[in-house]
Amino acid sequence: MIILLKRGADKKDIESLRADLTARGFSLHESTGTTESLIGVVGDTSILDQSTIEARACVEQVTRIAEPYKKVNRKMHPENTVIDVRGHKFGNGSLQIIAGPCSVETEEQIMTTARAVKAAGATMLRGGAFKPRTSPYAFQGLEAEGIKLLLQAREETGLPIVTEIMAEDDLPLFEDIDVIQVGARNMQNFKLLKALGKLHKPILLKRGLANTIEELLMSAEYISAGGNTDIILCERGIRTFETMTRNTLDISAVSLLKQKSHLPVCADPSHATGILSLIEPMSLSLIVAGADALEIEVHCTPTRALSDGGQQLTPEAFSSLMDNIKKMAEFLGREIG
Ligand code: PEP
Ligand code: MN
């Protein structure tokens, strides 16, 4: 961290700043020029609050040099983190395809969809039992019953289950779930993130609707700081001024996250675009960008879906998408599974 001092700042104020920083264990490297004077602060500056230092009368500006995230930073951990979910690995170069409906609706719906995505080559099953809906009058999910149906689908198909948690109180219901998803709307629910940090279970952390890449990494840092390092980051599109797509898919975030962090990265072209015809080109692009996994919505009868009907692929469309995903994976020398 570099502190630029104000010209003509009071010497006593500067001395008090120095004393406070050295008392907290930082070493200081000062440089006094004819026009500017700087203090370089060396140590774990992630614990320092930039605005509190800037509030001092002698300080002109504070610049962070080191990223505020440590545990999830590739600089601290150059090797990829590899997460094993029932033998399927994230982060070792293989590609995981997580497919299934937006919401778990009925036994028949989830079982039919699970069988279809398995037959097409998906490696995991998704489905929301707890649904974060914009309207309180919209379908809210089957909750505990939905979790039960997902486990029944795993029992038959062998596909590991990825499903979203909305509240810490529901954690006991997720004991047998393979990957707990934190949805975009909860990316900065810090109490929930801290609770997930205490688990020994993989977490799929989706980027918030209006959150920066650094904020996503800081949310992963919350989970990691608690001791749970099995985190899969997920790009799912962000809000921009564009209205033709549901969100704007930030493909560059996938490649950048892989560079900045050692954690595996997933991408969700369904919520990112909301447009059926874009799911295939975006899926293929995301694989090229380096995604370790894709999360894609598939419903046995999308026209009867209780949520996100317009963006869910039919089993036939998913099967044809999988044919091209397989070709792309083969071209890039990546294994699916
Ligand atoms: C979902 O995956 O079901 C979902 C609600 O996605 P997001 O949190 O990205 O909107
Ligand atoms: Mn959905």
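Quick note: residue numbers are just sequence positions, from 1. Order of appearance sets the numbers: ligands from 1, and atoms from 1 within every ligand.
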Suppose we screen for salt bridge (charged side-chain N to carboxylate O under 4.0 Å, His left out). Which residues come up paired with [X], at least two apart in sequence or across chains?
| X | result |
| --- | --- |
| Lys71 | none |
| Arg18 | Glu15, Glu30 |
| Glu235 | Arg207 |

Salt bridge check, [Y] against [X]: does any charged N sit closer than 4.0 Å to a carboxylate O?
| X | Y | answer |
| --- | --- | --- |
| Asp44 | Lys70 | yes |
| Glu67 | Lys75 | yes |
| Asp268 | Lys206 | yes |
| Lys201 | Glu175 | no |

Is there a polar contact between ligand 1 and [X], counting only N or O atoms under 3.5 Å apart?
| X | answer |
| --- | --- |
| Asp268 | no |
| Glu295 | no |
| Ala184 | yes |

Counting each atom of ligand 1 from 1 as listed, which ones have a heavy atom of [X] under 4.0 Å away?
| X | answer |
| --- | --- |
| Lys131 | 3 (O) |
| Arg185 | 7 (P), 8 (O), 10 (O) |
| Gly183 | 8 (O) |

**Study point:** Option with minimal heavy-atom separation from atom 3 (O) of ligand 1, where the choices are Arg126, Met166, Gln181, Glu164
**Key:** Arg126
Review point. Can you tell me if Asn247 uses its side chain to pair, donor with acceptor, with the backbone of His271 under 3.5 Å?
Key: yes
Review point. Which protein N, O or S atoms lie under 2.8 Å from the Mn ion (ligand 2)?
Key: Cys102 SG, His271 NE2, Glu297 OE2, Asp308 OD2
For [atom], grab the closest protein heavy atom and report residue, atom and distance to one decimal in Å.
| atom | value |
| --- | --- |
| atom 9 (O) of ligand 1 | Arg236 NE, 2.6 Å |
| atom 6 (O) of ligand 1 | Lys206 NZ, 3.0 Å |
| atom 4 (C) of ligand 1 | His271 NE2, 3.6 Å |

Practice item. Scan Ile213, Leu257, Thr240 and name whichever one has a side-chain contact (heavy atoms from CB on, under 4.5 Å) with Asp250. Key: Ile213
Check your understanding: So is Arg207 close enough to ligand 1, meaning a heavy atom under 4.0 angstrom away?
Key -> no
Point to revise | Nearest heavy-atom neighbours spanning Gly290 and Val254 | key: C-CG1, 4.0 Å
**Study point:** Pair Ser307-Ser103, side-chain donor/acceptor within less than 3.5 Å
**Key:** yes
